[in-house]
Amino acid sequence: MAAAAASCRSPLAWLFALAAALFFFSWYLLLDSAAGPAAARRPNEWFRPGGGGRRPVPGTKCDPAEALLRVFMYDLPPEFHFGLLDWKPPGFGGGVWPDVRDGVPDYPGGLNLQHSIEYWLTLDLLASEQGAPTPCAAARVRHAADADVVFLPFFASLSFNRHSRVVPPARDSEDRALQRRLLEFLAARPEWRRTGGRDHVVLAHHPNGMLDARYRFWPCVFVLCDFGRYPPSVANLDKDVIAPYRHLVANFANDTAGYDDRPTLLYFQGAIYRKDGGSIRQELYYLLKDEKDVHFSFGSVAGNGIEQSTQGMRSSKFCLNIAGDTPSSNRLFDSIVSHCVPVIISDEIELPFEDVLDYSKFSVIVRGADAVKKGFLMSLIKGISREEWTRMWNKLKEVEKHFEYQYPSQTDDAVQMIWKAIARKVPSIRLKINRLRRFSRFDTNKTDETLP
């Protein structure tokens, strides 16, 4: 009898549990529907670091309609991109791209890493299409007519680093040969001919990347480290984007090393004797080398140079970032992730994302003419109070995410910040293209533009 009663209660308990589950699930759907649909793309989202993009459910592709930037990417042969990393398509007819859901080709370390932005941006575009994790600020589209910009996936910096030397019996370097083949490829493409390249994004972060082809790409949007080796007619801040270097020192996680825990007041370790605008390093060396609590010495990445820089920056309050052969260097970004307040002395430098980031809140920027005045720099640095330094130190920990390259990319990291910077150029790009088309109906001799 007891067994029979138990058998009757079991179905009743099961039905009660099912009814409760359905009740809570219905409430979830009601709350979810009340939240409303996803917001449409709004241009004002392009002007704040947190605007635009989302993190999709793993395995889903980014929706171009929701992305901040729609990007058409050429399916260039692997020799222009991942083939430079010795990646080969799997099997016969395996396509030109790796499946980034199953891991990605390794990028070489050392100094190669500082100019690796082509690699990170290309990976993020592939992730947007293949369904790998990404914030979806940019989404790849298959038709150029649906795109805001056209992306050129040539790993120009890696090509220069690996193939700029002439290898006999060849008369020219493989890097130059790749640039020529790239120009030939574009000359035959309707996407280029339609706009003359004005909506094309070209990545040449290494100062010597695209050394020959850069003058043919003057209408394009360049993504560069600085304008030091470009004439203003080819690259300038109105049309181009400045991107951060990939830092070489490790992130200072869980940093509690505040003012009193950093005994060195001012730190610099690197090449001292430089050409061009970098001669100021030598002047500052002779001014500062004997100052108390100042570390100013020669150093390089060879041996344990990166480890020495890591420890030196983490134990210093301020880190010098002085112009070298070019206006910029990765030292600024090493300083930022070490939470060592940067002291920037480079009159020609352009700073990444400066239209949305106020560098004066986490760095000290000094004119070169002032820095070389006897006693000026030390007086300036010593005049910064513990409270002001601590505010900048805390701000560095807040903004460092914007200078981080990683895969998978994360919201507001360097990759997403670059996409947003490119998106802010889109209205100007459209203006140029529309002006180009003003009298197209009367132009009977030429309907498209070839490479300049």
Side-chain angles (χ1 to χ4, degrees), residues 48-50 226 242-270 280-281 284 287-288 291-296 309-323 327-368 370-371 373 375-405 412-414 417 421:
R48 53 189 175 89
D226 59 46
I242 296 297
Y245 290 65
R246 200 275 192 188
H247 59 85
L248 297 183
V249 306
N251 296 79
F252 196 175
N254 304 313
D255 174 18
T256 59
Y259 192 87
D260 293 327
D261 301 310
R262 294 172 176 255
T264 302
L265 177 65
L266 189 59
Y267 180 88
F268 178 89
Q269 183 159 308
I280 192 173
R281 289 190 184 183
L284 287 171
L287 280 174
L288 300 174
E291 290 282 352
K292 182 183 178 183
D293 298 329
V294 172
H295 175 96
F296 201 126
S309 291
T310 300
Q311 294 305 314
M313 289 183 171
R314 290 183 180 184
S315 61
S316 301
K317 296 177 178 69
F318 297 92
C319 285
L320 279 168
N321 299 270
I322 315 168
S328 65
S329 76
N330 72 295
R331 187 173 288 103
L332 170 60
F333 309 100
D334 286 347
S335 303
I336 290 172
V337 300
S338 301
H339 312 148
C340 179
V341 174
V343 178
I344 302 170
I345 306 173
S346 180
D347 293 344
E348 302 300 322
I349 197 171
E350 296 294 347
L351 299 168
F353 323 130
E354 198 171 9
D355 52 345
V356 294
L357 294 179
D358 183 355
Y359 278 74
S360 69
K361 292 184 177 180
F362 55 88
S363 61
V364 180
I365 305 175
V366 185
R367 295 183 183 90
D370 290 330
K373 294 176 183 175
F376 179 91
L377 195 58
M378 291 304 297
S379 177
L380 175 68
I381 297 303
K382 289 178 179 179
I384 296 174
S385 67
R386 175 200 301 264
E387 291 73 21
E388 185 179 357
W389 181 89
T390 302
R391 283 195 296 272
M392 289 191 283
W393 176 65
N394 284 321
K395 190 67 175 178
L396 284 169
K397 292 190 283 186
E398 179 185 325
V399 302
E400 67 174 320
K401 64 182 179 181
H402 301 315
F403 305 100
E404 193 68 41
Y405 292 98
D412 287 339
D413 68 4
M417 292 290 282

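Predicted model, so just to flag it, every value in this text is computed and none were measured. Values below: every heavy atom of this structure, side chains too, minus hydrogens, waters and symmetry copies.
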Task: Matching residue for S335 among S309, C319, S363 - test: side chain to side chain contact (heavy atoms under 4.5 Å, CB included) - done: C319

- [ ] Could you tell me which residues satisfy salt bridge (charged side-chain N to carboxylate O under 4.0 Å, His left out) with E398, sequence neighbours excluded, listed by chain and number?
- [x] K395

TODO: Look at the side chain of D334 and the backbone N and O of L248, then say whether any donor-acceptor pair between them is shorter than 3.5 Å.
DONE: yes

Open item on the list: Main chain of R391, side chain of N394: is a donor-acceptor contact present, judged purely on distance under 3.5 Å?
Closed with: no

Open item on the list: Any carboxylate oxygen within less than 4.0 angstrom of a Lys/Arg side-chain nitrogen, looking at R262 and D255?
Closed with: yes

Open item on the list: Under 6.0 Å from the ring centre and within 45 degrees of the ring axis: does the NZ or CZ of R246 meet both conditions for the six-membered ring of Y405?
Closed with: no

- [ ] Verify, without hydrogens or angle tests, whether D226 (side chain) and S328 (backbone) share a donor-acceptor contact under 3.5 angstrom.
- [x] yes

Task: Residues L265, M378; criterion side chain to side chain contact (heavy atoms under 4.5 Å, CB included); working and verdict - done: CA-CA 10 Å; L265 177 65; M378 291 304 297; 3.8 Å; yes

TODO: Show your working on side chain to side chain contact (heavy atoms under 4.5 Å, CB included) between I336 and H402 and close with a plain yes or no.
DONE: CA-CA 10 Å; I336 290 172; H402 301 315; over 6 Å; no

TODO: Decide yes or no on side chain to side chain contact (heavy atoms under 4.5 Å, CB included) for F403 and L357, but give the supporting numbers first.
DONE: CA-CA 12 Å; F403 305 100; L357 294 179; 3.8 Å; yes

- [ ] Examine distances only and state if a side-chain atom of D347 and a backbone atom of G368 form a donor-acceptor pair shorter than 3.5 Å.
- [x] yes

Task: With E404 via side-chain hydrogen bond (donor to acceptor under 3.5 Å, both in side chains) - residues at least two apart - done: H247, N251

Task: Straight-line distance of L284 CG to I322 CD1, nearest 0.5 Å - done: 5.0 Å

Open item on the list: For a 4.5 angstrom cut-off between non-hydrogen side-chain atoms, does F376 reach V366?
Closed with: yes

Task: Heavy atoms from other residues, nucleotides or ligands near NZ of K397 exceed 12 (cutoff 6.0 Å) - done: yes

Task: Gap between atom CH2 of W389 and atom CD1 of I384 - 0.5 Å precision - done: 11.0 Å

Task: Side-chain (S346) to main-chain (P327) donor-acceptor, under 3.5 angstrom - done: yes

- [ ] Decide if atom CD of E348 counts as having more than 12 heavy atoms of other residues, nucleotides or ligands within a radius under 6.0 Å.
- [x] no

Open item on the list: Distance check, rounded to the nearest 0.5 Å: R281 atom CZ versus L288 atom CG?
Closed with: 13.5 Å

Open item on the list: For a quick check under 3.5 Å, do Y259 and T390 share a side-chain donor-acceptor pair by atom type?
Closed with: no

TODO: Apply salt bridge (charged side-chain N to carboxylate O under 4.0 Å, His left out) to D260 and list each qualifying residue two or more places apart in sequence or on a separate chain.
DONE: R386

TODO: Report the C-alpha distance between S338 and V249 in whole Å, list the side-chain angles of each, state the deciding distance to 0.1 Å, and finish with yes or no for side chain to side chain contact (heavy atoms under 4.5 Å, CB included).
DONE: CA-CA 8 Å; S338 301; V249 306; 3.6 Å; yes

- [ ] Kindly say whether R331 contributes a backbone atom to a donor-acceptor pair with the side chain of S329 at under 3.5 angstrom?
- [x] yes

- [ ] Answer whether the closest heavy-atom distance between the side chains of N321 and I349 falls below 4.5 Å.
- [x] no

Open item on the list: Distance check, rounded to the nearest 0.5 Å: Q311 atom CD versus Y267 atom OH?
Closed with: 9.5 Å

Task: Any I365 side-chain heavy atom under 4.5 Å of L351 side chain - done: yes

